There are 2 protein chains.
Amino acid sequence: MTRDTAHDRSAVRRAASIKDVAAAAGVSPTTVSHVLSGNRPVNEQTAARVRSVVNRLGYVPASLARSLQAGATSVIGLLIPDISNTFFAELAKGAEDAAHDLGYGLILCNTEFDADREDRYLGMIRSRFIDGMVYASGSPPSRRRLEALMGKFPIALADEEVEGLSGALIASADHEAGGRLVGEHLRALGHRRALMLTGPRDLRSGAARAHGFRQAFHGDVVERTGDFKEESGHRLVAELLDDGGLADRTAVFAANDLMAFGALAALREAGLSVPDDVSVVGFDDIRAASLINPPLTTVHQPAYDVGRTATAQLLQYVSRGEVPPASRHTLPVELKVRGSTAPPAAR
Amino acid sequence: MTRDTAHDRSAVRRAASIKDVAAAAGVSPTTVSHVLSGNRPVNEQTAARVRSVVNRLGYVPASLARSLQAGATSVIGLLIPDISNTFFAELAKGAEDAAHDLGYGLILCNTEFDADREDRYLGMIRSRFIDGMVYASGSPPSRRRLEALMGKFPIALADEEVEGLSGALIASADHEAGGRLVGEHLRALGHRRALMLTGPRDLRSGAARAHGFRQAFHGDVVERTGDFKEESGHRLVAELLDDGGLADRTAVFAANDLMAFGALAALREAGLSVPDDVSVVGFDDIRAASLINPPLTTVHQPAYDVGRTATAQLLQYVSRGEVPPASRHTLPVELKVRGSTAPPAAR
DNA sequence: TTGTATGCGTTATCAT
DNA sequence: ATGATAACGCATACAA
């Protein structure tokens with residue numbers, strides 16, 4: 001073991017600072033700063049000399065010090081429950097694109113619906129490590145805290161309005177129109193009795209979907225409350241199948257695709273055919289929806305656009321050091337009619 | 001428009017600093033610091049007074065200043081090509097979990113394989129805004145830059161060893177074993193002539209998969225180079241179908257699921273049946289693989305574990321201010337036999 | 001037990 | 001065209 005090895009493994013040696021460059025170039029730190037920023041004219045000779053030293057020393061300004069001085073970090077957070085859900089992954093992609101366009105970094109705050117985890121991430125905004133937060137469907141227990149932050153810090157709500165939280169910057173899909181499209185579609189096919197699998201009671205988006213659906217379907221609707229997970233769609237349908245509650249229903253509308261997948265599985269296990277015996281509709285249009293068998297009829301949510309819009313709007317204010325005003329940006333949805341829906345079988 | 005409105009929209013008022021707290025509590029900033037950190041004993045009376053002021057003023061230490069002083073930010077980056085690819089989303093989830101466990105933040109660096117974008121993100125490590133980087137399959141053009149950074153900054157390679165980049169901390173799936181499993185499976189089914197759709201030439205993982213496959217398949221293998229995208233799998237197979245190059249092949253092994261999907265589509269469009277006419281195998285086991293029709297036989301990659309392991313290993317050193325030593329962590333893969341493979345049809 | 005002084009690495013202000 | 005100095009907000013070595 002040579003000395004070199006030991007050295008390589010030890011702490012990195014201190015990086016060159018602006019002072020080091022200044023000293024080596026025989027100028028003041030101020031001049032070095034201006035050569036690099038172009039904020040004021042510098043003699044070309046001097047500038048060249050400084051640049052050469054910068055290269056030789058591999059000097060890169062410490063963005064941390066820069067941020068401290070500037071009072072902003074050019075980093076925002078994206079708080080979501082589950083990055084492995086393709087809906088949120090798409091949303092994240094849109095948010096990252098928007099952030100990158102404006103030179104901002106994006107911290108991934110994946111909460112798994114864990115309130116403590118969410119709180120820790122919200123702490124980043126209080127400690128001013130991030131300049132703002134895009135908040136997409138966090139855990140209900142954190143409402144209070146979110147609310148307390150809302151007026152003081154730049155926060156944008158994406159995809160979901162949190163119940164009771166108004167006066168915020170919001171970007172979301174048109175959930176009600178989505179529900180309406182499904183209602184119209186099923187009604188037009190001839191369905192009159194449906195089962196609706198909703199999301200958690202306190203989510204506005206779910207209420208909007210249900211409301212639009214009832215309004216347009218105009219038939220007999222039984223509702224069951226799920227939690228947006230595949231398993232819950234499976235369980236709810238299986239239960240109803242067991243106690244005969246589904247016997248007179250010809251269609252199932254799940255508030256998201258994952259629950260629709262669960263419903264599909266439960267139906268299959270019960271020996272029922274989709275769409276011959278029962279039609280199934282989802283919501284979100286995640287990637288797997290078109291690949292599954294039968295391909296799922298569902299409402300396409302512009303997840304990417306929601307993330308991108310929420311972030312772009314937020315940054316528009318954050319970049320000026322302002323707290324965003326309340327505003328709503330509703331993005332259009334689209335019904336994707338695929339193989340999981342058909343007219344009800346004649347009885 | 002009242003004064004209030006104008007005020008609400010304008011810049012947030014300066015947050016309380018440690019000095020404000022000190023002044024209001026009639027102590028020195030040092031004491032406030034110690035009350036909060038517990039780094040040295042403080043009189044309980046004094047401490048109580050300080051805490052009360054902290055609450056009243058809503059004081060939260062500026063993490064930026066703290067980081068500057070500490071010389072580290074407790075934030076690392078995760079560089080991936082596409083967060084909407086479920087493989088990378090899973091990997092990201094693992095990375096985020098590991099980071100969160102150790103109190104680190106994670107900046108999402110989504111590159112879309114864009115070299116400029118990748119460079120900008122790599123810049124964050126040079127400017128010391130992040131303490132380290134988990135690098136998963138970036139764009140080939142950035143190799144040089146990566147290489148230059150490798151020795152000086154804490155970087156861990158996840159999922160992919162970059163060609164010619166040794167001496168790094170690496171966590172990846174056992175690609176060769178995966179290829180071998182596929183080879184054995186197809187051989188056991190009776191296949192003797194296969195088409196292999198590889199990834200970009202310069203990716204080691206692809207080479208390892210191909211090598212393992214050839215070794216175990218022990219038959220006639222034709223290779224075509226793709227780029228890991230669905231479209232490329234489609235195009236390559238369609239081309240071969242056109243010029244008869246696929247006529248004598250009974251199996252296709254795609255180096256990832258996306259290309260396998262493309263191959264499946266091209267085969268279907270040509271009126272060929274899977275697995276009756278041709279067997280198809282993928283790699284990765286992304287979510288859609290089991291949902292597609294027919295369900296895809298593929299090699300399950302532990303994406304979550306790869307992300308988690310790479311990150312945990314990296315942080316083990318970063319947290320001590322060290323540059324990680326070269327090391328390799330190979331994670332086991334698993335063959336998922338599903339409906340897209342069967343014995344070749346008798347001729 | 002507490003306080004003073006200094007440094008972390010920048011940029012802005014004010015001079016020259 | 002360039003430089004000296006202060007300030008961003010904190011933590012810590014050194015003093016008392």
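First the proteins, then the strands, lettered A, B, ... as listed; each starts at 1. Values below: every heavy atom of this structure, side chains too, minus hydrogens, waters and symmetry copies. None of these values were measured; they are calculated from a predicted model.
Counting any heavy atom pair closer than 4.0 Å across all strands shown, His34(B) reaches a base atom. Within 4.0 Å of Val60(A), counting heavy atoms only, lie sugar-phosphate atoms of the nucleic acid but no base atom.
Between Asn39(A) and dT11(C) there is no side-chain polar atom (N or O) within less than 4.0 angstrom of OP1 or OP2. In this model, the phosphate group of dG3(C) is approached by a side-chain N or O of Ser28(B) to a distance below 4.0 Å at OP1 or OP2. Applying the 4.0 Å criterion to OP1 and OP2 of dT2(C), one finds that Thr46(B) has a side-chain N or O inside that range.
Residue Pro29(B) is the one, among Pro29(B) and Ser37(A), whose nearest nucleotide of DNA chain C lies closer to the 5' end (criterion: closest heavy atom). Nearest-nucleotide positions on DNA chain C place Thr31(B) closer to the 5' end than the other of Ile18(A) and Thr31(B).
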Pair Arg308(B)-Glu90(B), salt bridge (Lys or Arg N to Asp or Glu O under 4.0 Å): steps then yes or no
CA-CA 10 Å; Arg308(B) 185 173 186 104; Glu90(B) 283 289 344; over 6 Å; no

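The aromatic ring centroids of Phe153(A) and Tyr317(A) lie 6.0 Å or more from each other.
Checked for salt-bridge contact, Arg120(A) and Asp114(A) miss the test: no charged N lies under 4.0 Å from a carboxylate O. Using a cutoff of 4.0 Å between basic side-chain nitrogens and carboxylate oxygens, Arg14(A) and Asp20(A) are scored as salt-bridged.
The backbone N or O of Ile76(B) sits nowhere less than 3.5 Å from a side-chain atom of Asp131(B) that would complete a donor-acceptor pair. No donor-acceptor pair closer than 3.5 Å links the side chain of Thr31(B) to the backbone N or O of Val27(B). No donor-acceptor pair under 3.5 Å is formed between the side chain of Arg128(A) and the backbone N or O of Ala72(A).
On a pure distance criterion of 3.5 Å, a polar donor-acceptor pair joins the side chain of Arg40(B) and the base of dT2(C). In this model, a side-chain donor or acceptor of Gln69(B) finds a partner on the base of dG7(C) within 3.5 Å. Scanning atom types as modelled, one donor and one acceptor separated by under 3.5 angstrom connect the side chain of Thr30(B) and the base of dT4(C).
With a heavy-atom cut-off of 4.0 Å to chain B, the contacted part of DNA chain D has its first and last nucleotide at dG9(D) to dC14(D).
Atom CG of Leu64(B) and atom P of dG9(C) are 14 Å apart (whole Å). Taking atom CD of Gln45(B) as the reference point, atom P of dT1(C) lies 12 Å away to the nearest angstrom. Per the geometry, CZ belonging to Arg49(B) stands 14 Å off P belonging to dT1(C), to the nearest Å. Regarding Lys19(A), its NZ atom lies at a distance of 8 Å from the P atom of dG7(C), rounded to whole Å.
Residues Tyr104(B) and Ser319(B) share a closest heavy-atom pair of OH-CA, 3.4 Å.
Every pair passing salt bridge (Lys or Arg N to Asp or Glu O under 4.0 Å) that includes a residue from residues 38-64 of chain B is listed here, sequence neighbours excluded: Glu44(B)-Arg51(B).
Summary for the helix from dT1(C)-dA16(D) to dT16(C)-dA1(D): the axes at its two ends, each from 5 pairs, differ by 40° when rounded to the nearest 10 degrees.
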